[in-house]
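What follows is a set of notes on a single structure, which appears directly below.
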Amino acid sequence: MATNRTFTMLKPDAVANGYIGAILEKITAAGFRIVAMKMTQLTKADAEAFYAIHAERPFFGELVEYMTSGPIVSAVLEKDNAVEDFRTLIGATNPAEAAEGTIRKMYAESISANAVHGSDSDENAAIEAAFHFAGREHF
Ligand code: UDP
Ligand code: MG
């Protein structure tokens, strides 16, 4: 399996609850290399653009409000089979359904405030990384 990249955000609940270090430890212990990382706070326009695919979903307004509610840590991660393996590491969208030991099971508050984002395809990983980072911010 080729080495490739995925994109993640430690969402406002994870940052506010003091879980940055614990979550990054789990990510690196699982074999991911951090190739870009920074702390930012999304504007409403940023969050609406990032989650544009969900614009018609009933939870969109709540999602945008939540994602702009405080700082996030965004990062690009590299590993063999990165996208799929990272989705396995974070667990199901709803932490109540996430497997034991997954990041969402351990650290998420709710289906909305679910601690972490993980890209769902190689194509979206590249789009999402480019949304958050300039080329010179990747290592
Ligand atoms: N979300 C929500 N309510 C739902 C489903 C999703 O608030 O019923 C939020 C949640 O923060 C989720 C994000 O919208 O992570 C994007 O949803 P998606 O279905 O893409 O889940 P993910 O890929 O993050 O597991
Ligand atoms: Mg998704």
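Computed from heavy atoms alone, side chains included, the values below leave out hydrogens, waters and symmetry copies.
Using a 4.5 Å cut-off on side-chain heavy atoms (C-beta onward), Asp80 and Asp85 make no contact. Using a 4.5 Å heavy-atom cutoff, the side chains of Thr88 and Thr102 are not in contact.
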Given ring pair (Phe, Tyr, Trp, His ring centres under 6.0 Å), test Phe86 with Phe32 step by step and report yes or no. CA-CA 9 Å; Phe86 192 71; Phe32 292 88; 5.4 Å; yes
For a side-chain hydrogen bond (donor to acceptor under 3.5 Å, both in side chains) check, start with the C-alpha distance between His117 and Glu128, then their side-chain angles and the critical distance, and finish with the verdict. CA-CA 11 Å; His117 169 81; Glu128 291 168 2; 2.9 Å; yes
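Residues Met39 and Phe131 fall into different hydrophobic clusters, defined by Ile, Leu, Val, Met, Phe, Trp and Tyr side chains chained together at heavy-atom separations under 4.5 Å. Each of Val73 and Met9 belongs to its own hydrophobic cluster when Ile, Leu, Val, Met, Phe, Trp and Tyr are linked at side-chain heavy-atom distances under 4.5 angstrom. Val15 and Ile23 fall within the same hydrophobic cluster, defined by Ile, Leu, Val, Met, Phe, Trp and Tyr side-chain heavy atoms under 4.5 Å apart, directly or through other members. Under a hydrophobic clustering in which Ile, Leu, Val, Met, Phe, Trp and Tyr are joined whenever their side-chain heavy atoms come within less than 4.5 Å, directly or via other members, Phe59 and Leu42 fall into the same cluster. When the side chains of ILVMFWY residues are joined at heavy-atom separations under 4.5 Å, either directly or via intervening members, Leu63 and Leu10 end up in two distinct hydrophobic clusters.
Rounding to the nearest 0.5 Å gives a distance of 10.0 Å between CG of Asp122 and CD of Glu84. Rounding to the nearest 0.5 Å places CD1 of Ile34 at 6.5 Å from CD1 of Ile27. Note that the OG1 atom of Thr6 and the CD atom of Glu78 stand 11.5 Å from one another [nearest 0.5 Å]. Taken from NZ in Lys79 to OG1 in Thr28, the straight-line distance is 12.5 Å, to the nearest 0.5 Å.
Here the shortest heavy-atom pairing between Ala115 and Ala14 reads O-CB, 3.4 Å. Contact record, Asn114 with Pro95: CB-CD, 4.4 Å, taken as the closest heavy-atom pair. Ala47 and Met67 make their closest contact through CB-CB, 4.4 Å (heavy atoms, listed as atom of the first residue, atom of the second, distance).
Partner of Met37 under the side chain to side chain contact (heavy atoms under 4.5 Å, CB included) criterion, out of Leu77, Thr8, Leu24, Val76: Leu24 alone. Each of Asp46, Thr40, Ile20 was checked for a side chain to side chain contact (heavy atoms under 4.5 Å, CB included) with Ile72, and the lone residue meeting it is Thr40.
Asp120 has no carboxylate O lying under 4.0 Å from a charged side-chain N of Arg87, or vice versa, which leaves the two without a salt bridge.
Of the possible donor and acceptor atoms, none in the side chain of Asn17 sits under 3.5 Å from a partner among the backbone N and O of Tyr19. A donor-acceptor pair is defined here as one N or O able to donate and one able to accept, closer than 3.5 Å; no such pair exists between the side chain of Lys38 and the backbone of Glu137.
Between Phe50 and Phe7, the ring planes are tilted. Angles from 30° to 60° get that label. Ring geometry, His138 versus Phe133: the interplanar angle exceeds 60°, so the pair is classed perpendicular (tilted spans 30 to 60°).
Asn124 and Ser119 form no side-chain donor-acceptor contact under 3.5 Å, judged by distance and modelled atom types alone.
A side-chain hydrogen bond (donor to acceptor under 3.5 Å, both in side chains) check over residues 61-75, counting only residues at least two apart or in different chains, returns the pairs Asp13-Tyr66.
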